[in-house]
Amino acid sequence: MPDVPETTNLFELLSARGLVSQCTDPDGIRARLAKPLAAYVGFDPTADSLHIGSLVPIMGLYWLQQCGHRPLVLVGGATGLVGDPSGKTESRTMLTREDVNHNANAIAAQIARLVRFDDSPTGAKLINNVDWLGTLNWIEMLRAVGPHFSINRMLSMDSVKGRLEAGGMTFLEFNYMVMQAYDFAHLHRAEGCTVQFGGQDQWGNIVMGIELARRTDGADLAGVTFPLVTKADGGKFGKSEKGNIWLSTERTPVHEFFQFWRNIADADVRRFFGFFTTLPMTEVDALTAAGGEALNPAKERLAWEVTRLIHGQGAADAAREAARKAFGAGHDATADAVPHGPLATADLAAGLSFAALLVKAGLATSNSDAKRLIKGGGAQLNDAVIADEQRSVTAADVVAGHIVVRAGKKRLFRFDVA
RNA sequence: GGGUAGGUACCGAAGUGGCCAAACGGGGCAGACUGUAAAUCUGCUGGCUCACGCCUUCGAAGGUUCGAAUCCGUCCCUGCCCA
């Protein structure tokens, strides 16, 4: 049941979905993509899960494969040991080799939810740049690539300039772009890879790779960058009150993941459909044609689609059902997908403060925080606003075996009393 | 290596002996208005305590003082300039 692309030319398709930011040569790339080819996208193994900031490149890989090309998924085992300075204002902490390996495997597993890895002509291939960068000899490396890099040119790259203005970068980080450039040249030789895709902040690194391969091998490579995902209100994309929205359910439960998409601004709906779903754009246009309140079903659909892609249809259905009940007319928080946990009757008997319960539910970080929430009128117990900071919770508050606490309109937690 | 300016809470940035848990801005959370939207307005934004209050926090560990984010010496780190 693969979704059928509305056009088989990847470049056209990506453009229509708003997924192209910059490219080295629009006509050339369109022509290139008329035939099956191998292209690569790199991911940094800085954590054992990707977050939704990486979703755009992942969708890029997805479409690459759907359009009959061969995606090379590069996990930066070597570059992860250095840390990409692009788009950062301060250097990252260095990872150990064990961390990098562990993270690389976890990330590959997440990508495999959307991209098929096998040996067929369009099967994705997982590669790790530590395999070729890790064994390079310093002198050989310098002689091979050193003459082809101009320091003046490198200093003029945005990724470097930004860091210099923000207080400087280390030699270690400065080498990151050399490594990435080397990767591209290497993948051209080893895998016949001719196009590199990446985030907008990768533009400089991609261009350096193209130039290196041209100078060393006379190769004609191309690059395309995806747009930086922005929010209509100017805030950072992909953050919630708890931090990043991750793809792993341990870090971001499905409910929270679903709600993130459900709560986006009106102005972002259409664009996000293009970026993060596989729905044909004609259908997206129909879904988002309505404005105002009528856009709510489209938001729900968006949340369902993205959740389905990442966590599977079962989880998406459950999350949608739970949200409808919990935020709909009935305020029914009994669905399984609503965040919940056990509460012992003994605890209730011993007397438990409402504030402590909020902390236990993860809706407040401390008793003081919980009391502030109560004082501000944002805390609810079984759908009743509680204004008394000293309120204690007893067996009398158990309704049909549950106690539901809410912080504001959007955050809730259900205790199953046993 | 020399000179110089700095290191303050999530971020930026005031404070330069007591009135400092620390101004202000951003961010975040909550309330009102709404459509689980945006914009706007309002409140809150270290921990513990029913509370008087207590505890921890201003790069690090010390010292001076009745009292230190603020003064002193040492160390670590960063920017800039010079070599």
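Every chain is numbered from 1 and lettered A, B, ... according to where its sequence line falls, protein lines coming before strand lines. Fair warning: this is a prediction, and the values are worked out from it, not measured in the lab.
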Discussion item. What's the gap between B:A14 and B:C24 when it is taken at their P atoms, as a whole Å value?
Written reply: 15 Å
Worksheet item: Where the side chain of A:Asn296 is defined as all heavy atoms beyond and including C-beta, which of B:C29, B:G35, B:G47 is the nearest nucleotide?
Response: B:G35
Worksheet entry | Electrostatic pair A:Asp268:A:Lys231 at N-O distance under 4.0 angstrom | no
Worksheet item: Looking at the side chain of A:Leu373, which of B:C29, B:G47, B:A37 is the nearest nucleotide?
Response: B:C29
Practice prompt. For B:C52 versus B:U57, give the span between their P atoms, rounded off to a whole number of Å.
Written response: 22 Å
Worksheet item: Would a 4.5 Å heavy-atom cut-off, applied to side chains only, mark A:Ile264 and A:Val269 as touching?
Response: yes
Worksheet item: Salt-bridged, A:Arg308 to A:Glu305, with N to O below 4.0 Å?
Response: yes
Worksheet item: 5'-most contact on RNA chain B: A:Ser368 or A:Gly377, nearest heavy atom basis?
Response: A:Gly377
Worksheet item: Quick one: is B:C48 close enough that its OP1 or OP2 comes under 4.0 Å of any side-chain N or O from A:Ser366?
Response: yes
Worksheet item: What is the pairing partner of B:U16, taking Watson-Crick or G-U wobble pairs with both distances under 3.5 Å in any strand?
Response: none
Worksheet, complete the sentence: Pairing partner of B:U56, by Watson-Crick or G-U wobble and under 3.5 Å for both distances, is none
Worksheet entry | Nearest-angstrom distance from the residue atom CZ of A:Phe260 to C1' of B:U36 | 14 Å
Discussion item. Categorize A:Arg372 for me: base, sugar-phosphate, or nothing, with a 4.0 angstrom heavy-atom threshold over every strand shown.
Written reply: sugar-phosphate
Worksheet item: Does a donor on one side chain sit under 3.5 Å from an acceptor on the other, for A:Gln180 and A:Gln202?
Response: yes
Discussion item. In whole Å, measure the gap between the C1' atoms of B:G6 and B:U42 for me.
Written reply: 38 Å
Practice prompt. Report the nucleotide, chosen from B:U36, B:A30, B:C33, that has the shortest atom-to-atom distance to any side-chain atom of A:Lys409.
Written response: B:C33
Practice prompt. Could you measure between the two P atoms, the one in B:G12 and the one in B:G17, and give it in whole Å?
Written response: 25 Å
Fill in: Which nucleotide in B:A37, B:C50, B:C29 has an atom nearest any side-chain atom of A:Ala265
B:A37
Discussion item. Base, sugar-phosphate or nothing for A:Lys375? Non-hydrogen atoms, less than 4.0 Å.
Written reply: nothing
Worksheet item: Expressed in angstrom and rounded to an integer, what is the separation of A:Phe327 atom CZ from B:A37 atom P?
Response: 10 Å
Worksheet entry | Interatomic distance where CG belongs to A:Asp266 and C1' belongs to B:U36 [whole Å] | 12 Å
Discussion item. Without decimals, in angstroms, what is the distance between A:Leu295 CG and B:A37 C1'?
Written reply: 8 Å
Worksheet item: Over how many whole Å does the gap from A:Gln259 atom CD to B:U36 atom P extend?
Response: 11 Å
Worksheet, complete the sentence: Closest to the side chain of A:Glu293, out of B:U36, B:G35, B:G47, is B:G35
Worksheet entry | C1' atoms of B:U8 and B:A23, separation to the nearest Å | 12 Å
Item to complete: Classify the nucleic acid contact of A:Ala379 as base, sugar-phosphate or nothing, counting any heavy atom under 4.0 Å across all strands shown.
Response: nothing
Worksheet item: If we take the P atom in both B:G25 and B:U40, what is their distance in whole Å?
Response: 15 Å
Discussion item. Please classify the nucleic acid contact of A:Gly292 as base, sugar-phosphate, or nothing, using heavy-atom distances under 4.0 Å.
Written reply: base
Worksheet item: Looking only at atom C1', what distance separates B:C50 and B:A39, rounded to whole Å?
Response: 41 Å
Discussion item. Using whole Å, what does the distance between atom C1' of nucleotide B:G35 and atom CG of A:Leu302 come to?
Written reply: 16 Å
Worksheet item: Is there a Watson-Crick or G-U wobble partner for B:A32 with both distances under 3.5 Å, and if so, which one is it?
Response: B:U40
Discussion item. Strictly by Watson-Crick or wobble contacts shorter than 3.5 Å, is anything paired with B:U78, and which nucleotide is it?
Written reply: B:A5
Worksheet item: Any side-chain heavy atom of A:Met154 within less than 4.5 Å of one from A:Met208?
Response: yes
Response to the item:
Ranking A:Gly378 and A:Lys371 by the position along RNA chain B of their nearest nucleotide, the one closer to 5' is A:Gly378
Practice prompt. Can you tell me, in whole Å, how much space there is between the P of B:A9 and that of B:A69?
Written response: 14 Å
Discussion item. Just the rounded figure in Å: distance from P of B:U36 to NZ of A:Lys410.
Written reply: 10 Å
Discussion item. If I take atom CZ in residue A:Arg324 and atom C1' in nucleotide B:G35, what distance separates them, rounded to the nearest angstrom?
Written reply: 16 Å
Worksheet item: Hey, does A:Asn367 reach any base, or is it just sugar-phosphate, or nothing, if we go heavy atoms under 4.0 Å?
Response: sugar-phosphate
Response to the item:
Value for CG (A:Leu55) from CD1 (A:Ile310), rounded to nearest 0.5 Å, stands at 4.5 Å
Worksheet item: Any chance the rings of A:Phe272 and A:Phe237 have centres within less than 6.0 Å?
Response: yes
